[in-house]
Amino acid sequence: MDSSFDPNSIEQSLYAEWEAAGHFSPNGNGKNYCVLIPPPNVTGTLHMGHAFNQTLMDTLIRYQRMKGSRTLWQMGTDHAGIATQMLVERRLNEQGIKRLELGREKFVDEVWQWREESGGTIKEQIRRMGSSLDWSRDRFTMDEGYAKAVLTVFERLYDEGLIYRGQRLVNWDPELGTAISDLEVENTDEQGHMWHFRYPLADGQQTAAGQAYLTVATTRPETMLGDTAVAVNPDDPRYRDLIGGQVELPLTGRIIPIIADTYVDMEFGTGCVKITPAHDFNDHEVGHRHNLPQINIFAPDATINNNAPAAYQGLTREAARKAVVDDLEKLGLLDKIEPHALKVPRGDRSGAVIEPLLTDQWFVKIGPLAEPAIAAVENGDIEFVPKQYENVYFSWMRDIQDWCISRQQWWGHQIPAYYDDSGNTYVASSEQAAREKYQLDAGIPLRQDPDVLETWFSSALWPFATLGWPDETPELEAFLPSSTLITGHDIIFFWVARMIMMTLHFTGKIPFKTVYIHGLVRAADGNKMSKTKGNGLDPLDFIDGITLDELLAKRTTNLTQPKMAPKIEQATRKDFPDGIPPYGTDALRFTFCALATTGRDVRFDLNRIEGNRNFINKLWNATKFVLMNIDGMDPDSSGERSIIDQWILSKCHTLVREVEFALATYRFDIFAAKIYEFAWHEYCDWYVELSKSVLWDDTVTQDIKNGTRRTLVEVLDALLRISHPVIPFITETLWQEVAPRLGQPRGSIMVQAYPAPDDYPANTTAEAQIDWLKSVITAVRNIRGEADIKPKQEVPLLFQGGDENDRKLAAATDAMLKRLANAGSVNWLDEQAEAPPHALALVGDLKVMVPLAGLIDVEAEATRLEKEIEKHKQDLNRVDAKLLNENFVSKAPADVVAKEKAKRDDLQGRLTTLEDQLKKLDTLG
RNA sequence: AGGCGCGUAGCUCAGUUGGUUAGAGCGCUGCCUUGACAUGGCAGAGGUCGGCGGUUCGAAUCCGCCCGUGCCUACCA
């Protein structure tokens with residue numbers, strides 16, 4: 001074996017072997033365990049969020065598989081309607097091809113073509129992550145079977161009256177030319193203006209203050225062209241008398257009423273609100289209450305349409321705004337313009353300002369679906385981890401609005417609704433089916449609704465559509481409900497809530513029992529990773545490494561804002577002066593696991609992955625050591641287990657218990673930390689070092705050597721199996737070397753049994769004994785370190801005081817003590833004997849002494865002692881203060897008080913000893 | 001405006017039901033190329049747990065207020 005491991009040389013071939021061996025498919029007779037993958041965009045590429053998400057899922061899946069469960073991690077990809085259509089459209093534009101000129105059919109062909117070309121990318125990247133997905137059952141949200149499920153759901157919901165079509169005010173993305181749902185609107189804080197306009201009162205009326213006009217304030221001047229009323233609060237004394245009157249709407253020549261509505265806040269602005277029912281959600285409701293006409297002044301691209309005065313027709317929103325303000329100013333009707341901070345609704349895909357627009361759309365009547373979905377979480381059938389996300393879920397679900405599911409797009413499931421010439425609607429999975437269902441004559445022309453369903457409508461069916469629904473399949477029976485859903489908090493509403501509603505409604509089952517919510521992966525500076533900011537990181541670059549030049553090229557090409565390039569380049573050069581070295585998949589996965597703390601966002605820290613790469617390397621070298629030192633091991637006998645063997649086995653027992661608890665409670669960070677701590681600081685730092693005293697000592701019996709050799713291998717084997725779920729590649733590689741030494745049948749580690757706690761006997765006596773040994777060794781090392789004694793320099797060691805147990809332990813561990821403390825000799829002094837001048841450390845009542853004798857400077861030792869004494873004094877003060885507090889002594893539980901008393905006595909004794917020692921040193925100095 | 005988080009060592013984060021001396025990784029300091037590993041070993045420094053007040057014998061932990069910060073939801077024109 002090489003002196004350090006090379007991830008690239010092992011990972012890819014192993015994955016191919018696993019996949020070929022069929023290990024990723026459900027096997028065996030264990031309990032069913034299923035995890036749903038949030039289906040990635042089929043034409044996308046893997047980002048840090050996927051890598052994080054999949055690491056956690058794969059860790060659970062591999063763990064369960066080793067525990068004997070019949071596991072299914074269903075693979076699949078999403079057609080990602082809007083995102084994909086945008087991308088393909090942009091690519092075509094670059095070739096000078098316009099979507100509308102190309103036509104629907106050819107465009108959709110282009111998208112399928114693009115899927116063929118790029119659809120494999122993300123799948124290969126997922127494989128590089130080591131994700132043990134069942135590829136044999138790979139699905140796509142637009143494959144034939146899935147489409148059947150989507151159409152079935154639509155038709156049934158329609159027949160049940162839970163899907164309806166109607167003209168409603170919806171969020172309209174003028175750039176994409178489609179409606180979007182509430183969730184797809186992002187409200188961004190922006191700096192704008194508030195315009196105050198004067199609307200002249202009709203019929204010579206006057207306000208209470210004697211003005212012949214009402215002043216309205218607005219952030220959207222251009223919409224005044226569609227105003228159909230001015231509203232005031234019914235209790236507002238300034239305007240009360242004008243209610244029922246009228247104003248002349250400037251620029252349009254229209255006369256509109258003054259209405260009273262409590263929606264108007266008297267305190268805000270002027271207390272007069274222009275009402276534009278066709279272009280504002282609030283105004284829309286006010287309009288409904290007062291039977292106001294709705295005047296739509298926008299075309300689908302948000303230019304002014306023919307309902308507005310001729311002067312403004314054809315203008316963009318922005319141009320119309322300027323024109324309206326200018327014209328009102330000329331008329332002397334512009335009162336003032338104030339700066340104003342406002343929320344601007346923008347489409348999450350296009351970034352365009354969203355326009356509330358009256359259009360015909362399809363909706364899901366969500367109330368009846370939401371009710372059982374809320375109950376399922378309330379009654380505990382579905383559980384969120386961490387629990388607080390249940391409140392997030394509830395608050396949204398209890399105030400949920402009907403869901404707009406139609407999109408004026410071409411890429412997606414076309415809505416299975418057919419219209420005849422008289423405007424009748426027929427819903428069925430195909431035109432043929434519609435004719436049969438509604439008994440329509442073949443001669444009646446039907447045309448299908450041109451719109452498609454939004455992507456989340458189909459991904460909401462994921463838990464059952466992937467398993468063959470609407471057919472009754474064995475998979476559906478076995479794997480619904482699934483066990484755990486692992487996902488980011490950003491898609492609780494988009495995906496999680498909708499899966500719960502749809503799955504309950506159509507199967508009567510919950511989609512999953514547990515929802516584990518993890519945070520989002522952020523850049524080291526805490527910002528969201530984005531192409532625009534140029535702070536994005538590609539998980540593959542951590543696996544394979546990347547040069548600075550390549551990274552620069554990646555981050556600065558195809559920018560939407562090319563002017564950012566120099567800034568991005570500068571930051572990149574600063575953060576990655578040498579690019580990124582290849583850390584390998586295991587290091588990346590281990591890092592994600594370690595960072596996965598309870599539901600909060602994670603900042604991806606480069607130092608962490610480097611440290612974890614080193615950890616992988618540590619495992620490599622520990623294995624190398626073991627393989628080099630177990631020659632002569634008797635495979636048929638476990639030999640005699642010495643104290644150190646019993647100790648590490650006991651530690652291993654504890655480790656298994658801890659990692660099982662960590663995974664059961666979704667504490668991936670603890671899972672990783674326990675493995676790291678055990679492997680490095682118990683097994684490598686202590687056990688391997690201690691084992692040398694056994695293996696390299698000719699006076700030790702073969703039986704004892706055999707015991708240690710067995711234990712080295714057995715614990716290593718356990719460690720590899722324990723950590724396999726998170727670091728699959730290195731553990732497989734090493735286990736293939738290690739397992740044969742234990743005479744185990746060959747095969748992949750991924751299908752071996754997960755260690756059970758009782759495979760490794762707990763032994764508290766051995767643990768106490770090794771704790772003692774560690775303390776003594778650490779004490780001597782401390783003296784050596786502080787006194788700058790060279791590691792090669794042997795020191796004589798003197799013991800004094802202590803009890804029988806100390807003597808027994810010292811005798812039993814003599815060789816190890818000498819080796820790890822590099823002590824040339826260990827001798828006991830009688831209680832009364834006068835020790836030579838020495839450096840002193842205390843382990844319990846035992847005095848551990850290193851004679852100064854030319855090795856140690858008196859000054860230095862005095863300084864070290866003073867430091868030690870100071871520490872003891874502080875502790876003693878703290879304890880004394882407690883014990884002198886009568887309230888503490890009388891009110892605290894007796895055992896707590898007793899503990900404090902014991903502590904005081906102990907500290908007092910040690911302090912006296914140390915002070916005496918310092919006095920003696922002073923007489924020397 | 002509401003709701004939910006967060007604020008612990010230079011940095012990134014743990015800290016279970018209040019009870020030894022508040023931990024880890026990275027970084028830092030000193031020594032060390034010892035026969036698994038310099039992607040390493042040993043030793044060490046470093047924290048008034050955001051602030052104030054309260055409950056308690058005892059608070060990083062529970063309560064209140066404040067400051068800072070992040071996210072989600074919301075109809076203030």
Side-chain angles (χ1 to χ4, degrees), chain A residues 1 3-5 187 194 216-220 231 263-265 267-276 280-286 340 342-343 386 388-389 391-392 395-396 399 489-490 492-493 519-520 522 524 526 581 583 587 594-595 597-608 610-629 665 667 669-670 673 676-677 684-685 688-689 692 696 778 781-786 788-792 820 822 871-872 874-875 878-879 882 885-893 895-897 899-900 902-903 907:
Chain A
M1 289 172 76
S3 71
S4 63
F5 92 110
N187 292 301
M194 181 82 89
V216 298
T218 181
T219 56
R220 299 285 316 270
Y263 158 69
V264 179
D265 179 356
E267 310 295 317
F268 189 87
T270 60
C272 301
V273 183
K274 61 189 273 304
I275 301 297
T276 322
D280 181 281
F281 288 100
N282 294 313
D283 291 7
H284 191 71
E285 302 213 343
V286 174
H340 182 74
L342 72 162
K343 296 276 193 189
Q388 72 234 28
Y389 283 104
N391 291 327
V392 176
S395 64
W396 187 70
D399 190 33
H489 56 68
D490 52 333
I492 292 177
F493 307 144
L520 273 32
R522 298 181 171 278
Y583 291 118
L595 288 171
T597 59
T598 52
R600 59 193 261 176
D601 289 354
V602 300
R603 296 189 184 198
F604 196 83
D605 183 359
L606 205 64
N607 293 323
R608 290 294 290 262
E610 184 175 338
N612 291 328
R613 187 270 319 259
N614 296 350
F615 172 66
I616 308 293
N617 187 53
K618 191 77 179 173
L619 290 179
W620 175 274
N621 277 291
T623 302
K624 205 170 85 177
F625 172 86
V626 171
L627 295 174
M628 283 167 65
N629 284 282
T665 52
R667 287 302 302 265
D669 57 330
I670 293 177
Y676 187 101
E677 162 71 18
C684 290
D685 286 351
V688 164
E689 292 307 319
K692 291 173 182 173
W696 299 354
T778 304
R781 282 173 172 177
N782 175 268
I783 291 172
R784 299 183 58 113
E786 297 283 299
D788 266 351
I789 298 174
K790 302 293 177 199
K792 276 184 173 168
L820 296 197
N822 198 17
K871 227 188 275 176
H872 277 71
Q874 279 178 15
D875 290 349
R878 217 186 329 256
V879 178
K882 269 191 193 177
N885 182 344
E886 272 184 45
N887 279 324
F888 173 74
V889 179
S890 60
K891 292 188 181 171
D895 60 317
V896 174
V897 178
K899 227 161 147 189
E900 291 294 318
K903 194 162 77 186
L907 280 170

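Chain letters run A, B, ... following the sequence lines, proteins first and then strands; every chain starts at 1. FYI, side chains are in, hydrogens and waters are out, and symmetry mates aren't considered; it's all heavy atoms of this structure.
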> Which nucleotide in the list B:A36, B:U20, B:C42 gets nearest to the side chain of A:W696?
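Side chain of A:W696 sits closest to B:A36.
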
> Pick the closest RNA chain B nucleotide for A:R608 and for A:E900 by heavy atoms, then say which residue is nearer the 5' end.
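Mapping each residue to its closest nucleotide by heavy atoms, the 5'-most match is A:R608.
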
> What closest approach, in Å, do A:K274 and A:R220 show between heavy atoms, and which atom pair accounts for it?
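For A:K274 and A:R220, the tightest heavy-atom pair comes out as NZ-O, 4.1 Å.
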
> Who does B:U39 pair with, Watson-Crick or G-U, both distances under 3.5 Å?
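None - no nucleotide pairs with B:U39, as no candidate has both distances under 3.5 Å.
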
> Taking the C1' atom of each, how far is B:C52 from B:A14, in whole Å?
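Here B:C52 and B:A14 have their C1' atoms 27 Å from each other.
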
> Relative to the 5' end of RNA chain B, which residue comes earlier, A:E677 or A:R878, by the nucleotide with the nearest heavy atom?
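Of the two residues, A:R878 wins.
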
> What nucleic acid atoms does A:V688 come within less than 4.0 Å of, heavy atoms only: base, sugar-phosphate, or nothing?
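Base contact - A:V688 has a heavy atom under 4.0 Å of at least one base atom.
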
> Sticking with atom P, work out how far B:C4 lies from B:C66, rounded to a whole angstrom.
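Rounded to whole Å, the distance is 15 Å.
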
> Could you tell me how far B:C65 sits from B:G25 if I compare only their C1' atoms? Round to whole Å.
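To the nearest whole Å, 36 Å.
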
> Using both distances under 3.5 Å as the test, list the Watson-Crick or G-U wobble partner of B:U12, or none.
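Check on B:U12: paired to B:A24, both distances under 3.5 Å.
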
> Are more than 12 heavy atoms from other residues, nucleotides or ligands located less than 6.0 Å from atom CD of A:E689?
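Atom CD in A:E689 is crowded, with more than 12 foreign heavy atoms closer than 6.0 Å.
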
> Report which part of the nucleic acid A:R613 touches: base, sugar-phosphate, or nothing (heavy-atom distance under 4.0 Å, all strands).
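Answer is base: heavy atoms of A:R613 come under 4.0 Å of a base.
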
> Which nucleotide wins on minimum distance to the side chain of A:R600, given the candidates B:A43, B:C57, B:C6?
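So the nucleotide nearest the side chain must be B:C6.
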
> What is the minimum heavy-atom distance between A:F625 and A:W696, and which atoms define it?
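A:F625 and A:W696 have their closest heavy atoms at CE1-CZ2, 4.0 Å.
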
> Looking only at side-chain atoms of A:K882, point me to the closest of B:C57, B:G35, B:U21.
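Taking heavy atoms from C-beta onward, the closest nucleotide is B:U21.
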
> Tell me which nucleotide among B:C31, B:C4, B:U39 gets nearest to the side chain of A:P791.
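The listed nucleotide nearest to A:P791's side chain is B:C31.
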
> Quiz question: going by heavy-atom distance under 3.5 Å, is there a donor-acceptor pair between the base of B:U12 and the side chain of A:R603?
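Answer no: no donor N or O sits under 3.5 Å from an acceptor.
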
> For A:L520 and A:D490, which heavy atoms make the closest approach, and how far apart are they?
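Distance-wise, the nearest heavy atoms are CD1-OD1, 3.7 Å.
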
> Tell me what A:K891 touches on the nucleic acid: a base, only sugar-phosphate, or nothing, going by heavy atoms under 4.0 Å.
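The residue A:K891 makes base contact.
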
> Under 3.5 Å, is there an N or O donor on one side and an acceptor on the other linking the side chain of A:K790 and the base of B:C31?
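No.
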
> Sugar-phosphate atoms are those with a prime plus P, OP1 and OP2; base atoms are the rest. Using that split, label each nucleotide of nucleotides 69-77 of chain B B, S or - for protein heavy atoms under 4.0 Å, 5' to 3'.
--S-SBBBB

> Any base atoms under 4.0 Å from A:A892, or only sugar-phosphate, or nothing? Heavy atoms, all strands.
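It contacts base atoms.
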
> Do side-chain atoms of A:N621 reach the backbone of A:N617 as a donor and acceptor pair under 3.5 angstrom?
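Checking the backbone N and O of A:N617 against the side chain of A:N621, a donor-acceptor pair under 3.5 Å is found.
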
> Can you see if the side chain of A:N614 gets near the phosphate of B:G40 - specifically, an N or O under 4.0 Å from OP1 or OP2?
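Indeed, a polar side-chain atom of A:N614 lies that close.
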
> Touch check for A:T597, heavy atoms < 4.0 angstrom, all strands: base, sugar-phosphate only, or nothing?
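It contacts sugar-phosphate atoms only.
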
> By the 4.0 Å heavy-atom rule, please label A:E786 as base, sugar-phosphate, or nothing.
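If one applies the 4.0 Å heavy-atom cut-off, A:E786 turns out to touch the sugar-phosphate alone, with no base involved.
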
> Sticking with atom C1', work out how far B:G53 lies from B:C67, rounded to a whole angstrom.
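It comes out at 15 Å once rounded to the nearest Å.
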
> With a 6.0 Å cut-off (strictly less than), is the heavy-atom count around NZ of A:K899, excluding the residue itself, greater than 12?
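Check fails, neighbour count at 12 or below.
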
> Closer than 3.5 angstrom, by distance alone: can the side chain of A:R784 be matched with the main-chain N or O of A:K790 as a donor-acceptor pair?
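Yes.
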
> What nucleotide among B:C57, B:C6, B:A36 has an atom nearest to a side-chain atom of A:N887?
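Of B:C57, B:C6, B:A36, B:C57 is nearest to the side chain of A:N887.
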
> Taking only the side-chain nitrogens and oxygens of A:K692, find out if one of them lies under 4.0 Å from OP1 or OP2 of B:U34.
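No, no such contact exists.
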
> So which nucleotide from B:G44, B:G30, B:G19 ends up closest to the side chain of A:D788?
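The listed nucleotide nearest to A:D788's side chain is B:G30.
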
> For the backbone of A:P791 and the side chain of A:N822, can you confirm whether one donor and one acceptor N or O come within less than 3.5 Å of each other?
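Confirmed, A:N822 side chain pairs with A:P791 backbone.
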
> Separation of A:K871 atom NZ from B:G47 atom P, in whole Å?
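Roughly 13 Å, once rounded to whole Å.
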
> Need one value for A:K618: base, sugar-phosphate or nothing, where a base atom within 4.0 Å counts as base even if backbone is also close, heavy atoms only.
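If one applies the 4.0 Å heavy-atom cut-off, A:K618 turns out to touch a base.
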
> Take atom P in B:U48 and the same atom in B:G10, then report the distance between them in whole Å.
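The same atom, P, in both gives a distance of 8 Å.
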
> With a non-hydrogen cut-off below 4.0 angstrom, is A:N617 in contact with a base, only sugar-phosphate, or nothing?
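If one applies the 4.0 Å heavy-atom cut-off, A:N617 turns out to touch a base.
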
> The side chain of A:M628 is closest to which nucleotide in this list: B:G41, B:A36, B:U20?
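Among B:G41, B:A36, B:U20, the one nearest the side chain of A:M628 is B:A36.
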
> If B:G5 has a Watson-Crick or G-U wobble mate with both distances under 3.5 Å, name it; if not, just say none.
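Paired with B:G5, as far as the under-3.5 Å criterion goes, is B:U69.
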
> For A:D875, which of A:H872, A:R878, A:K871 qualifies under side-chain hydrogen bond (donor to acceptor under 3.5 Å, both in side chains)?
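Only one of A:H872, A:R878, A:K871 forms a side-chain hydrogen bond (donor to acceptor under 3.5 Å, both in side chains) with A:D875, namely A:R878.
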
> Taking the C1' atom of each, how far is B:C37 from B:G23, in whole Å?
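The answer is 26 Å between these two C1' atoms.
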
> Is there a Watson-Crick or G-U wobble partner for B:U56 with both distances under 3.5 Å, and if so, which one is it?
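Per the H-bond distance test, none.
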
> Please classify the nucleic acid contact of A:R784 as base, sugar-phosphate, or nothing, using heavy-atom distances under 4.0 Å.
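Result for A:R784 = nothing.
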
> Between B:G15 and B:U55, how far apart are the two C1' atoms, rounded to whole Å?
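Approximately 22 Å lies between the C1' atom of B:G15 and that of B:U55.
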
> With P as the reference atom in both, quote the distance from B:U34 to B:G47 in angstrom, rounded to an integer.
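So the two P atoms sit 35 Å from each other.
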
> Planes under 30° and centres closer than 5.5 Å, is that true for A:Y676 with the base of B:A24?
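Aromatic stack with B:A24 absent for A:Y676.
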
> Fit a plane to each ring of A:F493 and A:W396, take the angle between them on a 0 to 90° scale, and name the class: parallel (under 30°), tilted (30 to 60°) or perpendicular (over 60°).
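Judged by the thresholds at 30° and 60°, the geometry between A:F493 and A:W396 is parallel.
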
